[in-house]
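Report on the structure given below.
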Amino acid sequence: MMSPDLFDRPAPLVARGLIGARLLIDGVGGRIVETEAYDAVDPASHSYRGQTPRNAPMFGPVGRAYVYRIYGLHWCFNVVCDAASPGSAVLIRALEPIEGVQIMQARRGVAAARDLCSGPGKLCQALAIDGRLNGIALTSPPFDLTAAAGAPNVVQGPRIGVSAGVGTAWRFAEAGSRFLSRAMTEEGA
DNA sequence: CGTAAGATATTCT
DNA sequence: GAATATCTTACGT
């Protein structure tokens, strides 16, 4: 289980550090292979225009979940970080499925491992993440978040699906992973 | 392979 | 009314 103070750093550092970490919810999940960082001075962030009912967890304690509905139907899962900069969080975008693959296949309605958790909405469906987990601490059940064993090879690039802040290279991914939401174009890290 | 449309909560104009 | 940190299905090449 990760120590809570590991989340108390700027969002890009936390996002990078989460690559290779193991995320399970009720024993189902895998290795984090793709993340994105957001903070309150970032025009692409939900927290950019201040606190609202939806983004309230981003302004709360570090190490908790920020779960929100996007496009009215999918869920997205974030880790709140950096107490010194309220409104900071890391979006978990893709996992390499490891534990409970059969359960994830049933929840997603697809069989291919690459389609189970290769996107923020997909992994929420695969791990059964929804609004009930919003604001919950990640350091206790049903969450099980373990730091990366080794030092994964991390690449970074521009974030996906944003029209503001496109010049900010705050998307992080494990180099060469087959389980990303989209291939990471060659970029320095 | 590709592009396009539809689902529809929350926020902003 | 329009946009959004998305995904699936349908249809053209």
Side-chain angles (χ1 to χ4, degrees), chain A residues 7 10-19 21 23 29 32-60 62 64-82 85-97 104-135 138 154-174 177-185 187:
Chain A
F7 302 120
L13 292 182
V14 175
R16 194 182 198 289
L18 282 174
I19 301 298
L23 171 66
I32 297 173
V33 294
E34 182 180 345
T35 61
E36 284 179 359
Y38 293 87
D39 72 20
V41 290
D42 165 17
S45 174
H46 287 174
S47 57
Y48 182 59
R49 294 176 183 82
Q51 187 170 338
T52 67
R54 176 179 66 168
N55 68 19
M58 291 185 82
F59 293 89
V62 156
R64 296 200 184 177
Y66 166 43
V67 181
Y68 69 92
R69 227 198 244 283
I70 188 169
Y71 295 102
L73 60 161
H74 304 294
W75 296 99
C76 286
F77 170 66
N78 297 253
V79 177
V80 178
C81 61
D82 197 2
S85 181
S88 299
V90 172
L91 171 69
I92 309 300
R93 288 193 55 91
L95 302 183
E96 174 181 340
M104 293 192 277
Q105 288 171 327
R107 287 172 176 162
R108 291 269 305 120
V110 297
R114 283 183 54 172
D115 288 336
L116 294 181
C117 300
S118 54
K122 294 179 184 179
L123 76 87
C124 282
Q125 185 177 26
L127 303 205
I129 294 172
D130 60 24
R132 296 170 314 185
L133 299 181
N134 192 32
L138 302 174
V154 179
V155 292
Q156 74 183 104
R159 293 168 295 185
I160 291 179
V162 301
S163 55
V166 289
T168 305
W170 278 4
R171 177 184 181 221
F172 299 86
E174 179 177 37
S177 173
R178 302 161 35 227
F179 301 97
L180 306 182
S181 63
R182 280 155 62 170
M184 177 73 86
T185 48
E187 203 80 33

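Below, chains carry the letters A, B, ... as their sequence lines are ordered, and counting in each starts from 1. Basis for what follows: all heavy atoms, side chains included, without hydrogens, waters or symmetry-related copies.
Distance, Arg49(A) CZ to dT11(B) P: 12 Å, rounded to whole Å.
Within 4.0 Å of Leu73(A), counting heavy atoms only, lies at least one base atom of the nucleic acid. Arg171(A) comes within 4.0 angstrom of no nucleic acid atom, judged by non-hydrogen atoms across all strands.
Nearest-nucleotide mapping onto DNA chain C: of Val110(A) and Gly161(A), the residue sitting toward the 5' end is Gly161(A). A residue-by-residue look at Gln125(A) and Ala164(A) shows that Ala164(A) has its nearest nucleotide of DNA chain C further toward the 5' end.
For the P atoms, the distance linking dA5(B) with dA2(C) amounts to 15 Å, nearest Å.
Of the candidates dT6(C), dA5(C), dA7(B), dT6(C) carries the atom nearest the His74(A) side chain, counting heavy atoms from C-beta on. The side chain of Tyr66(A) approaches dA5(C) more closely than any other nucleotide in the set dA5(C), dT4(C), dA7(B). Of the candidate nucleotides dT11(B), dA5(C), dC7(C), dT11(B) has the atom lying nearest to any side-chain atom of Arg54(A). For Pro120(A), counting side-chain heavy atoms from C-beta on, the closest listed nucleotide (dA5(C), dT11(B), dC7(C)) is dC7(C).
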Would Phe77(A) and Leu133(A) satisfy side chain to side chain contact (heavy atoms under 4.5 Å, CB included), going step by step from the backbone distance to the final call?
CA-CA 9 Å; Phe77(A) 170 66; Leu133(A) 299 181; over 6 Å; no
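No hydrogens or angles considered: nothing links the side chains of Gln125(A) and Arg107(A) as a donor-acceptor pair under 3.5 Å.
Residue Arg93(A) places at least one side-chain N or O under 4.0 Å from the OP1 or OP2 atom of dT6(C). OP1 and OP2 of dT4(C) both lie 4.0 Å or more from every side-chain N or O belonging to Arg69(A). Checking the phosphate oxygens (OP1, OP2) of dT6(C), no side-chain nitrogen or oxygen of Ser181(A) falls inside 4.0 Å.
Side chain Tyr68(A) to base dA5(C): a donor-acceptor pair is found below 3.5 Å.
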Where does DNA chain B pair, written as one dot-bracket string 5' to 3', with Watson-Crick or G-U pairs under 3.5 Å, ( ) inside the strand, [ ] for crossing pairs and | for another strand?
|||||||.||||.
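A stacking contact between Tyr71(A) and dA9(B) is absent: the pair does not combine a ring-centre distance of less than 5.5 Å to the base's six-membered ring with planes differing by less than 30°.
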